[in-house]
Amino acid sequence: MKNERVAVYPGTFDPITYGHLDIIERAAHLFDKVIVAIAMNKNKTALFSVEERKEMVEKSTEHLKPVEVVTFQGLSARFSEKMNAVALIRGLRAVSDFEYEFQMALINRKIGKNTETVFLMPTEKNTYLSSSVVREIASFQGDVSPFVPKFVKQKLEEKFKK
């Protein structure tokens, strides 16, 4: 598509939650294409492998036609430019997220001069949701079905089986 408006939504998605999906769906309404970019961060120990995370995100977003799921290493801003994106999507759950995200947006502006950061807020019911909270609940065999798609819930249960 000529002049396609592409956005990149980077993250670890370990695992993807309804909060992430909320942001992806909002971005899909605003852009011609949304690239969900799963970060391979050597400084973070992920519960799921990058392949598992990619599979979970793909299954969770298959109903969204303008969404593509990829993996990447390195700086989000550079990756975003490489994908010819006009926007880098970041979710803001609470005021506490803002200071860090604002700082990152300024840094990304210096690194990736052609990409703007766009902040999207999830619905109120998803503002408290994070992958780390979901992982903790799942580790104690708690019910994560209100927080993640069924397929992701099954993957979490498999990981934390005794």
Qualifying residue for side-chain contact (heavy atoms from CB on, under 4.5 Å) with V70, from I35, I38, V36, V57 | I35
Counterpart residues, side chain to side chain contact (heavy atoms under 4.5 Å, CB included), relative to S49 (two or more places apart) | E51, E52
Where do S145 and D143 come nearest, in terms of heavy atoms and distance?
-> OG-OD1, 2.6 Å
Got a second to check how far N84's CG is from K33's NZ, nearest 0.5 Å?
-> 9.5 Å
Residues passing the ring pair (Phe, Tyr, Trp, His ring centres under 6.0 Å) test with F72, sequence neighbours excluded, are F79
About how many Å separate CG of L156 and OG of S131, when rounded to the nearest 0.5 Å?
-> 9.0 Å
Taking only residues at least two apart or on different chains, which pairs with a member in residues 115-127 satisfy salt bridge (Lys or Arg N to Asp or Glu O under 4.0 Å)?
-> R109-E116
Which of D32, L30, V34 passes side-chain contact (heavy atoms from CB on, under 4.5 Å) with R5? It is D32
State, with a plain yes or no, whether a side-chain heavy atom of F147 is found less than 4.5 Å away from one of V152.
-> no
Could you tell me the separation between the CD atom of Q154 and the NZ atom of K59, rounded to the nearest 0.5 Å?
-> 9.0 Å
Contacts of type side chain to side chain contact (heavy atoms under 4.5 Å, CB included), residue V133, not counting sequence neighbours | S130, I137
Which residue pairs satisfy the salt bridge (Lys or Arg N to Asp or Glu O under 4.0 Å) criterion with at least one member in residues 20-31, sequence neighbours excluded?
-> D22-R26
The salt bridge (charged side-chain N to carboxylate O under 4.0 Å, His left out) partners of E81 (sequence neighbours excluded) come to none
Give a yes or no on whether M121 atom CE has more than 12 heavy-atom contacts from other residues, nucleotides or ligands under 6.0 Å away.
-> no
Euclidean distance, L21 CG relative to T61 OG1, rounded to 0.5 Å = 7.5 Å
Gap between atom CG of N108 and atom CZ of R78 - 0.5 Å precision | 10.5 Å
Could you tell me which residues satisfy side chain to side chain contact (heavy atoms under 4.5 Å, CB included) with F119, sequence neighbours excluded, listed by chain and number?
-> R90, L92, E101, A105, T117
The salt bridge (charged side-chain N to carboxylate O under 4.0 Å, His left out) partners of E136 (sequence neighbours excluded) come to none
Under a 4.5 Å cut-off applied to non-hydrogen side-chain atoms, are I107 and Q103 in contact?
-> yes
List in chain and number order the residues that pass side chain to side chain contact (heavy atoms under 4.5 Å, CB included) with N41, two or more places apart in sequence or in another chain; answer none if no residue qualifies.
-> N43, K44
May I ask you to check whether over 12 heavy atoms, not counting those of Y128, lie within 6.0 Å of atom OH?
-> yes
Could you tell me whether the side chain of V118 reaches within less than 4.5 Å of the side chain of L88, counting heavy atoms only?
-> no
Output all residues satisfying ring pair (Phe, Tyr, Trp, His ring centres under 6.0 Å) with F102, sequence neighbours left out; order by chain, then residue number.
-> F98
Taking only residues two or more places apart in sequence, or in another chain, which ones meet E157 in a salt bridge (charged side-chain N to carboxylate O under 4.0 Å, His left out)?
-> K153
Contacts under 3.5 angstrom, residues 6-19 side chains, donor-acceptor by atom type, not counting sequence neighbours:
from : atom 1 : to   : atom 2 : distance (Å)
D14  : OD1    : L47  : N      : 3.4
D14  : OD1    : F48  : N      : 3.0
D14  : OD2    : L47  : N      : 2.7
T17  : OG1    : G19  : N      : 3.1
T17  : OG1    : H20  : N      : 3.3
T17  : OG1    : H20  : ND1    : 3.3
Y18  : OH     : V148 : O      : 3.2

Do the side chain of S80 and the main chain of S76 share a donor and acceptor less than 3.5 angstrom apart?
-> no
Measure the spacing between CZ of R53 and OG of S60 and express it to the nearest 0.5 Å.
-> 14.0 Å
